[in-house]
Every structure is written in C-alpha cells, then in structure tokens.
Amino acid sequence: MKQFSDILDQRIFSKGDICRLLVSTETDGHQQLIDKAYDVKTSVVGKKTYLRGLIELSNICRKNCLYCGIRASNKLITRFHASDDEVIRMAVFAWKNNYSSIVLQTGEVMSSAFSSKIESLILKIHKETNQELRITLSCGEQTDDTYNRWFNAGAKRYLLRIETSSGELYKKIHPDDSLHSFDNRLKCLHSLKNIGYQVGSGVMIGLPFQTIEQLADDIIFFKEFDIDMVGMGPYVTHEQTPLSEIRDLLPLQERYNLSLRMIAVLRIVMPEINIASATALQAIEPKGRIEGLRAGANVIMPNLTPADYKKYYQLYDNKPCLGDTAIVCNACISGQIQYFGEEVAYGQQGDSIHYIRKQK
Ligand code: SAH
Ligand code: SF4
C-alpha cells in the first residue's frame, strides 16, 4: 500500500488518493497534509494574501435553498437593499485602502430591473474608482443575456458555488422544483466560462448526507471544469432553516478540520488557482480564516457591508464580526495576515495564475 507521504508527492491523484488525504486525522497525516499544501502555495502563488472587499448588496432572494438563512420563506428576517450610494461608498473605501478587488454579493433576483441595476452599479463603481478595482459578482443564476451585460459593463469575475458536485446530494439540500435545478447551476457555470469570466465555484463541507467520496468528487469536478477560483467552507446550520432539523451531522470541529483538509488537497491538486479562506471557517474558530491560509488558501474577503445591514445578511448562524464596521474589519484582518507572516497583496489585482496561463 502507498505511504501517505508518497501520495502527497504525486502530481496526479486518483479518487482513492484524494479520499485517503481527506480522511487523515490529527494523529495520522492531517498536519503533514496542511504543511505540504502550504509549501505548494508559497512556492507557486507566493507567501501573500489577496484581499477582496465583500459588499452584501441585498438579502432579497427568490430561492429557498434548505440550508440558507436568507431563503425566501424565512419571514423572521428584515429584508434590505443597499442604495447605490451606499455601495459606491464602500467600493471607494476598498479602493482608497488599496484593495484591488471587490465582490458584490446578493440573494438571487431575476428581473430586467435587477439586471439593469447591477449593470449600472458596475459602471458607476468603475467611474468612481478610476477603473482600478476588479469587480467580482456573486449574484446567483441568471440568463446568458444578463451575464453578458454584466461582463460587458466590466465585471470580469464571477462566483457561483456548485454547492456539491453530486446531483443526488444537491436534491437533498434544495427543494425539488425547477427553481433549484442542479443542471441549471452547472449550465450557468459553463455560460460564465464561455463568456470569458474568471470563474469561481465552491462547495459546502460537512453537509447532512455528504460522504467523503462526494467531497473527493468535488475536487475532481473543480479539476475537470478547469476552475480558476474556489471558495469553499464548512456547512454551518442556521436555526431558521429546514436543514437545521437534521442533527445527524459531523461535529462542528470535524467539519472545520475537514474543510481545512479540502483546501489543502485542492491546493496540491490545483496549485495555480486562487482559493478563498471562507468566512464560515471563522463561524467555528476565531482564527479560522488564518488557518485557511495556512492550509493553502491565498484570498480573504474582508466584509465591507455597512454595519447596519450586516446583521440581516446571515446565511448561517454565528457569522463573525457582525457588529464591526468596514474600518475595523479591514484593520483586524490585515493585522492578522501580517502577524501570520504573509504579505497583504495591496494594489495587486491577483488574477488567478491558472486563468492567466489559459489566456495565453
Ligand atoms: N445567492 C447567491 C450568492 C449568495 S449565497 C448564490 O446562492 O450563489 C453564497 C453562498 O453561501 C452559497 O453559495 C452557499 O454555499 C453559502 N451558504 C449559504 N448557506 C450556508 C450555510 N448554512 N452554511 C455555509 N454556507 C452557506
Ligand atoms: Fe438565496 Fe443564495 Fe441563499 Fe440560495 S444560497 S437561498 S440562492 S442567497
């Protein structure tokens, strides 16, 4: 049988190899895996962390994903919609603080008014920030026409998590209707790629019913899709959701450690992509996002949403830094990154090396 260290030194990984890495434990390989991933990261993408300022535009959503706190049927939350001025102010804050990139995230709304609104926001932000900010969108499933409009307006990156690459598991964590279609989500990812976006995806880790084999398939899915960026993190329950009723789950700490191993394995399998250290890691451990960097991630998304709205955008319970303003979040996370010993990549747009290579 192959030794654990032999698997780590390979360049090509079978599903069995990936499973073996994912099930490693504190006493059997976990740290070795994390250390290897950190070596790969520092030698390939550098000892630096890119910042993407996250602005949560609105928690209005037409969908009912069974795990998500802002699902349409949750009548217990206050819905909000940040004004253009508020969003632009936060984008300018990111720009002035030398971030070179922001992410605009929302619940999913599909209408021509919404398409136009996002399009005009992209144009206004570019104008106010001297075209120096890379804009990433995370606004769910849309038509090709909308994706094209937003791309042409200047958003060149898009995040759309596949949530799980298993169609079977996807069905268990979403309502069984046409609005929640695995095939459509996949189709959207392909559209985004064809249009020319730098495409990011991701999965939740430690979902009810999820197996290690399915997580290994997620890694293989990212590789086969030839993804440019990944943001993945632990599934964290939200008490006001149907999925929270399922208590037969991996304990929180195991979900956390498994998430770190998923990041580490992905870094080894796809050394040149950008990997975000998910905020959900920090819903479990105070230093979660820094530990994500140690496991191979190279992107952090400080939350720049106006503090008044942040509390209404809770996808899962225990969202970190809820009461903090953008100024506080910015100072706190950059300090933590530097203390950890990495350079904060101020002023660098940080396109994924994988994407740049594909363009050539
Ligand atoms: N509406 C858009 C973007 C906002 S949701 C979309 O769905 O793509 C962003 C991500 O939050 C989702 O893709 C999902 O992976 C994550 N998320 C939602 N609920 C979560 C939970 N309970 N635990 C962990 N992540 C969650
Ligand atoms: Fe809406 Fe996204 Fe939450 Fe699903 S995950 S309910 S699409 S915000």
### Task
Sort and list the pairs that fulfil salt bridge (charged side-chain N to carboxylate O under 4.0 Å, His left out) and have at least one residue in residues 305-322, not counting sequence neighbours.
Glu56-Lys319
### Query
So which residues get pulled into Leu207's cluster when ILVMFWY side chains under 4.5 Å apart are joined, directly or through others?
Leu66, Tyr67, Leu169, Ile173, Met204, Phe209, Tyr235, Leu243, Ile246, Leu249
### Task
Could you verify whether a donor N or O on one side chain and an acceptor N or O on the other, from Asp183 and Ser181, lie under 3.5 Å apart?
no
### Message
If hydrophobic clusters are built from ILVMFWY residues whose side chains come within less than 4.5 Å, do Tyr197 and Phe222 share one?
### Response
yes
### Message
Out of the candidates Val92, Thr305, Leu104, only one should pair with Val87 under the side chain to side chain contact (heavy atoms under 4.5 Å, CB included) rule; please name it.
### Response
Leu104
### Task
List in chain and number order the residues that pass ring pair (Phe, Tyr, Trp, His ring centres under 6.0 Å) with His81, two or more places apart in sequence or in another chain; answer none if no residue qualifies.
none
### Message
Under 3.5 Å, is there a donor on one side chain and an acceptor on the other for Asn130 and Glu132?
### Response
yes
### Message
Under 4.0 Å between a side-chain nitrogen and a carboxylate oxygen: does that hold for Glu239 and Arg247?
### Response
yes
### Query
Can you tell me if Asn274 and Asp228 form a side-chain donor-acceptor pair at under 3.5 Å?
no
### Message
Can you confirm whether the side chains of Ser138 and Gln105 place a donor and an acceptor under 3.5 Å from each other?
### Response
yes
### Query
If you measure from the Lys or Arg side-chain nitrogens to the Asp or Glu carboxylate oxygens, is any gap between Asp226 and Lys193 under 4.0 Å?
no
#### Entry: Qualifying ring-ring contact (aromatic ring centres under 6.0 Å, His included) pairs with a residue from residues 85-108, counting only residues at least two apart or across chains
none
### Message
Quick one: does any side-chain atom of Arg161 pair with a main-chain N or O of Gly231 as donor and acceptor, under 3.5 Å?
### Response
yes
### Query
If Ile, Leu, Val, Met, Phe, Trp and Tyr residues are connected whenever their side-chain heavy atoms lie under 4.5 Å apart, and connections chain through other members, are Leu133 and Val344 in the same group?
yes
### Query
So with a 6.0 Å cut-off around CD of Gln359, is the heavy-atom count from everything else above 12?
yes
### Message
Tell me whether Glu86 is salt-bridged to Arg89, with the criterion being a basic N under 4.0 Å from an acidic carboxylate O.
### Response
no
### Query
With ILVMFWY side chains joined below 4.5 Å, transitively, what does Met110's cluster contain besides itself?
none
#### Entry: Ser115 versus Thr146, side-chain donor and acceptor atoms under 3.5 Å
yes
### Query
Are Asn194 and Ser191 linked by a side-chain donor-acceptor pair shorter than 3.5 Å?
no
### Query
Is any side-chain N of the basic residue among Lys171 and Asp176 closer than 4.0 Å to the acidic one's carboxylate O?
no
### Message
If hydrophobic clusters are built by linking Ile, Leu, Val, Met, Phe, Trp and Tyr wherever their side-chain heavy atoms come under 4.5 Å apart, do Met270 and Ile34 end up in the same one?
### Response
yes
### Message
With salt bridge (charged side-chain N to carboxylate O under 4.0 Å, His left out) as the rule and sequence neighbours excluded, what pairs involving residues 320-347 come up?
### Response
Lys41-Glu342
